[in-house]
Amino acid sequence: MAKPRSFSSNQESSPMSVKSKDWDNLSRWSEYLNLEEPFASSSTSWKHAVSEAHPSSGIFQKSLQMEWVVQLSKVAEGLLCKMYRLNQILEKPDLASHTFSESFWKAGVFPNLPRICVLLSKKFPEHPNKLQLERVDKLGLDHLNDNAEVYIQNLETWITLLLDLMAFREQALRLILDLSSTVITLLPHQNSLILHAFMDLFCSFVRVNLFSEKIPRKMIIQVYDLLYTITKGGRDCEFYHRLVQFVDSFDPPVKGLQEDLNFVSPRIGEVLEAVGPIIFLSTDTKKLRNEGFLSPFHPRYPDILTNSAHPMRAQDLANVTTYREWVLLGYLVCPDELLRVTSIDIAMVVLKENLIITLFRDEYVLLHEEYLLHVLPKVLESKKMAKYGRAKQKEADLEYNVAKQVEKMISEVHDLAIMSCDGIHRERRILLKQEIGRMVLFFADQPSLLAPNIQMVFSALALAQCEVIWFFQHVGVASSKSKAARVPIDIDAADPTVGFLLDGMDKLCSLVRKYVAAIKGYALSYLSSSAGRIRFLLGTPGMVALDLDSTLKGLFQQVVHCLENIPKPQGENISAVTCDLSELRKHWLSILMIVTSSRSSINIRHLEKATVSTGKEGLLSEGNAAYNWSRCVDELMCQLSKHGSLKNLYFYHHHLTAVFRNTMFGPEGRPHHCCAWLGIASSFPECASALITEELNKIGRDAILYVESLIESIMGGLEGLINILDSEGGFGALEMQLIPEQAALRMNSIKISTNSAKSPKGFYGFPVPGHESHPESSNSVKMLEAAMQRLTSLCSVLNDMEPICVLNHVFVLREYMRDCILGNFRRRLLTVMRTDSGLQRPSVMESLIRRHISIIHLAEQHISMDLTEGIREVLLIETFTGPISNLHMFEKPADLQSGSAIEMVSNWYMDNIVKDLNGASVMFVPAHNCFKSSKLVGGYFADSYTNLKELKSLICIFGGYGFDRLDMMIKEHISALLNCIDTALRANREALEAIAGSLNSSDRIERDAHLRQILDIETLVSFCVQAGQAIAFRRILVEAVGAVLEEKAPLIFSLLSGTSKHLPDEIPEKGEISRLRKVSHSIGGVVGQDMEWIYSVMEETGAAYDSSWSLLPYLCAAFMLSTLWSTTSFDVSTGGFNNNMHCLARCINAIIGGSEFIRLERAELQRQSLSNGHASEMVEPERLGRASVEASIKSAMQIFVKCSATIILQSWSETNRSQLLPKLIFLDQLCNLSPYLPRSTLEVHVPYALLRSLYSQHYGTSQQPIPTMEIPLNSPKHSPLISLAHLSPSVRQNRGDSTPNSATYDSGYFSSSTQRQDEVADKKQRNTRRSGPLEYSSSRKVKFVDGSSSTGQGPSPVPRFAVSRSGPLLYK
């Protein structure tokens, strides 16, 4: 078992023996003193000041040994740390009621035997052997006997702590009594350095003993002694009785303190009276404001910038927080001093604005309860004694009256404090907010005046520090005269002044750090000038007459020598000057230790009288000023930390977070204060004590969590500001416009109200243009302006904020802000794409995204980062699903995550438009080049998602990657359908070959029999219709891509579209040529692009490589027997069929062309492979070109038309007469759609008169008005243009309008070599009918037979067919 440190008492009373013994006993406190200090402090100077004074020297005997004072103050802090740690381990037990939680017993300090331990504590100071513990808990006592060694080791640390407390009490009390009796003066303006050291020890002594009541001292002593007697055979530990006496005398602690400090009470009373004026000044906010104590301006002469009106008072204000603590603790333990006449006012001022006495960190005692329990009885006793002596002495009468007033004050001040303390401190915070705000602006504008006013800056920081800490110390404090009726004091957690103070302190500290060199230079200049003044004062007659001894004279000479050898700052090199003035401070402190001692022949009063007659500052004043300014040279950061550090707020960091969230983005909050709230965390680790090894890690973790929590709140607020601006009440309100339908309704309502002499105010539903300028809308405008201002200011301060360092963690707010803005943009991107019922319209989607991006650009103006690049990254992440086919050659990474946005949008379009899984009857409308539906699809009809404008918006959002992803999904869908066709061709190969043979032999019966053998014809037709629908959707998508590319990058568009016309025609194509052709096809404007795309799909998937694909035209012709035609009808308004059968034409055109291309290419590859082996034996044949492929495609298409026309006409009867019309129109539309199938091909098999009759019947029975048109009289079979029509479609040049139905004959369709022939043919055949259904356009002139032109509208008495290659009519 480890034995506690030995404690020896010394009863010698001579001063010399006491001091010598204490000097030796300082080694006892090595655990508390041999610790690294993070910052230099005045204790170092005190240590150096006495390092040369050995106990045998004369200086030692004549001077005050102030090092002991400083060292014991440090020991007190260590003792408080240990008690605080024990209190935390035991989870702050309630010792008064002897109730302990379960965690108290599981902490491992005491044995888990509550009945025995609690009884020992209650019966203190009775000896444990007298309590008959076996009757209380026999089993527990047996357990205690068995494990005594283990339990006594657990208590070893804490019994040592009690011994340290007892030793500290004896040594500190002895030193306090010695100083009180030997110090000549303790006035702040004469002896402030020694005064502060003495009072720091005094307050530390009081706090240590008050805190000791919060730890279970009695239980520790009793349980330890019981365990000791068990292990030592019934013998008490050697210090048991002394510890019992010590604890009993300090139960309660205030009682023991009042007895111990009774002797020093008068000196404490003098000190408290001396600091009274400063305390009064600090509470008088009006005087502080009006007389400019915290202003760099002279109060009466505003033109004088440097405020020299109150230099000493400004310096004293920096210590006013310490003075208030002196008052609270001084009158508590020295209650007799309250009977001084002036003490009542001092105590009243301090008591009414405080509710607690802070002991250590966040531990406190209730101030007024302590005064009522321990001070008021003493006052009543004094009042009683004075009452008995009133008849004999006048002084007793005065004492009685004063005691009566003190009694009344103590009795009433508690209620007054509960009601007024919060208001008092709020008023003070408002004052400091204003003064510090002005101070920051002034010193930022006039930094040269910061150095002369540095003491004023320290005072402002100290006052603000006090107010901020007071605010958080009193959050949740419950105080009442009745313990049962305690209620928390109402502290406004949403008070914005706290944020202003934190921000002001942060800016002031930043200014001091920024201009350290200037402050240092000013201090060096002041010290250089003070050397001459001190040398002058030392040579005055009064000083000469004092006849100083050699010790003092040598110390003064050393002070002057240090001042005269201070380096002179020159120019810009001040920051490079290194100067250690600790020697100067050491010598001056040595002088003070001598002249303030009553044992010295020359004391402080002698020096003051000898030098004050010169009319200038006295020697002591000059020396003290030099001491203070020297600290501004090499201890400036230490002073700044003392006055401006808020490290103690760590112990209230939960309250910090709550108040921050309430005030940051509140009505009066300022988001730019966040930097100050965050900066506090950097100082939190300074609270850790080296005595508690695990404390640094715990505080560091808490500080990091605090910063992360605040950053989360700040970024949440930043997102909130952006989202407010991005809402419909923000920038959305500025974009509100009436759509044409709403405008028409409003105009009609106004017209009606005008005719009926009624006011249009009765019309509701749509906002009146300019409504945002109405007075009732001003609040929303102000809200918008405030949000913009807060957003820009927050971005600015976060951008300029220095990184926050907490231990080894660095937080760069600029990076967090970037991630927050871009993360919010990504979430917003995903949000705007959805509505409650499905997908948002792409145009609305684009508008909302652009609005959000504009807000980000607004913030970007105040951020030194490229957010635009980040926006592109987000869009790329949400769009990129892999390399773009035909452009990127790298492989897709295996771990690549596809963009969720484009995946969601693509899947929606595939499911709801291309596949129509929801059964909304989605159909392609050729007349409008979009899809329409009979039901809502995602909140809108299909045309709201598929018209060219909407798809252009979609391409603008997702770009080429988005198009490529959607194109790939369509390819996958088409590939699956092609597999079905391939399966059908293989399964029906024999039947199809028989059909082909019967077609040539004109055997109708045999052909019909074989047609009926084809399996699943209906399913196959539906698959082909789906494929045609997918092809039609992709075509619109390609048009949108081309339109966007032409608008955004016209040079690239013209390059690609022009290059595609001049690519080599050889087949098979080289890889680069093929890729280039495919890229050009993806932007539209290419003849036969559907066939080219299907060819690429077949090439990639390996489709159409079976010979059965040569029978594809016959399989497609068999579609004419499908039962779907019985329900098919042609719709004039849409230019298509009611059941989407027109998409079948697109499918047939593309698949036949693509399969022929694949077949011929495969044959060419086989030929080339054979020719390579016999190159010398064979004559190289002509290479296959695209013209040959197109001729083969034309031939296959003609076979399809011939076979289809034969089946249609031969299967016609009166019973299925209704099916004839849609089938013939279908073939006509196919001729119009296919560049390889001229109309003359159809006329060979279907009489032209029949086609004209069909269209006339449709347009005649239609409710649509028949537009004026040109009527050709003859069939196009007789036109010389037939020869051109049979040429390769490669000579047909692309038109600007790529809409399939806009295929009206134009000379621009032909190459330049045939342009002249076109003109001749056009003149000759002006009155000759050349084509089927016509293009109607009310916006262009139409030609009549007589050659006149007219723009007349309305139905013509004789329908006329215009020159066109298209099928159904196109309305523009």
Side-chain angles (χ1 to χ4, degrees), residues 285 287-318 429-465 500-530 568-577 625 628-637 639-644 670 672-673 675-676 679 793 796-797 800-802:
T285 55
K287 186 175 182 180
L288 287 175
R289 181 184 290 110
N290 293 342
E291 297 193 14
F293 283 93
L294 296 175
S295 174
F297 298 95
H298 194 285
R300 289 177 293 277
Y301 308 102
D303 295 338
I304 302 176
L305 293 180
T306 305
N307 184 0
S308 57
H310 316 285
M312 291 302 296
R313 286 293 178 87
Q315 181 176 340
D316 288 336
L317 284 173
R429 290 196 298 270
I430 293 173
L431 166 72
L432 290 172
K433 163 194 164 184
Q434 297 170 348
E435 295 297 328
I436 291 178
R438 283 196 287 264
M439 197 178 289
V440 168
L441 292 176
F442 178 80
F443 288 132
D445 185 59
Q446 300 286 338
S448 60
L449 295 177
L450 177 62
N453 293 282
I454 189 65
Q455 296 299 333
M456 180 193 304
V457 172
F458 289 155
S459 298
L461 288 173
L463 290 173
Q465 179 191 57
F500 280 101
L501 287 187
L502 292 176
D503 184 60
M505 292 179 67
D506 182 64
K507 290 180 178 177
L508 268 185
C509 291
S510 299
L511 283 174
V512 173
R513 296 188 191 98
K514 182 178 181 180
Y515 298 108
V516 166
I519 298 170
K520 183 178 178 180
Y522 183 88
L524 289 173
S525 300
Y526 180 90
L527 293 173
S528 298
S529 63
S530 67
K568 305 295 188 295
Q570 297 178 355
E572 301 295 331
N573 297 324
I574 299 176
S575 57
V577 175
N628 290 329
W629 279 108
S630 71
R631 298 193 66 194
C632 291
V633 176
D634 55 356
E635 291 186 359
L636 182 61
M637 290 298 102
Q639 285 188 291
L640 187 63
S641 175
K642 174 186 175 183
H643 298 297
R670 297 294 185 273
H672 56 270
H673 292 166
C675 298
S793 62
S796 179
V797 296
D800 298 337
M801 186 178 182
E802 295 295 326

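Since we're looking at a predicted model, the values are computed, not measured. Below, all heavy atoms of this structure are taken into account, side chains as well, without hydrogens, waters or symmetry copies.
Taking CZ of F442 as the start and CG of L511 as the end, the distance is 12.0 Å to the nearest 0.5 Å. Here K433 contributes atom NZ and L431 contributes atom CG; the two are 11.5 Å apart, rounded to the nearest 0.5 Å. The structure places CG of D506 at 12.5 Å from CG of L501, a figure rounded to the nearest 0.5 Å. Considering CD1 of I519 and CG of L450, their distance stands at 4.5 Å, rounded to 0.5 Å.
Within the 4.5 Å cutoff, no side-chain heavy atoms of L636 are placed close to those of K520. Residues L524 and W629 are not in side-chain contact: their nearest non-hydrogen atoms beyond the backbone lie 4.5 Å or more apart. At least one side-chain heavy atom of L432 sits under 4.5 Å from a side-chain heavy atom of L294. Looking only at side-chain heavy atoms (C-beta outward), K507 and I436 stay at 4.5 Å or farther from each other.
Contact detail for A676 and L502: the closest heavy-atom pair is CB-O, 3.2 Å. Taking both residues in full, the closest heavy atoms of I454 and C632 are given as CG2-SG, 4.2 Å, listed atom of the first, atom of the second, then distance. Closest approach of A318 to S459, counting heavy atoms only: N-OG, 3.4 Å. Annotation for M505 and H643: closest pair CE-O, 4.5 Å, computed over non-hydrogen atoms. The shortest non-hydrogen separation linking N628 to Q639 is O-OE1, 4.4 Å. In plain terms, the two heavy atoms of A451 and A518 that are nearest each other are CB-O, 3.9 Å.
S796 contributes no side-chain N or O that, together with a main-chain N or O of S793, makes up a donor-acceptor pair within less than 3.5 Å.
For the side-chain contact (heavy atoms from CB on, under 4.5 Å) test with F500, the passing option among H673, R429, Q434 is H673; the others fail.
At most 12 non-hydrogen atoms from other residues, nucleotides or ligands lie less than 6.0 angstrom from CD of E802.
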Inset, instruction - Evaluate the criterion side chain to side chain contact (heavy atoms under 4.5 Å, CB included) for residue pair L317 and L288; output intermediate values, then yes/no. - result: CA-CA 10 Å; L317 284 173; L288 287 175; 4.0 Å; yes
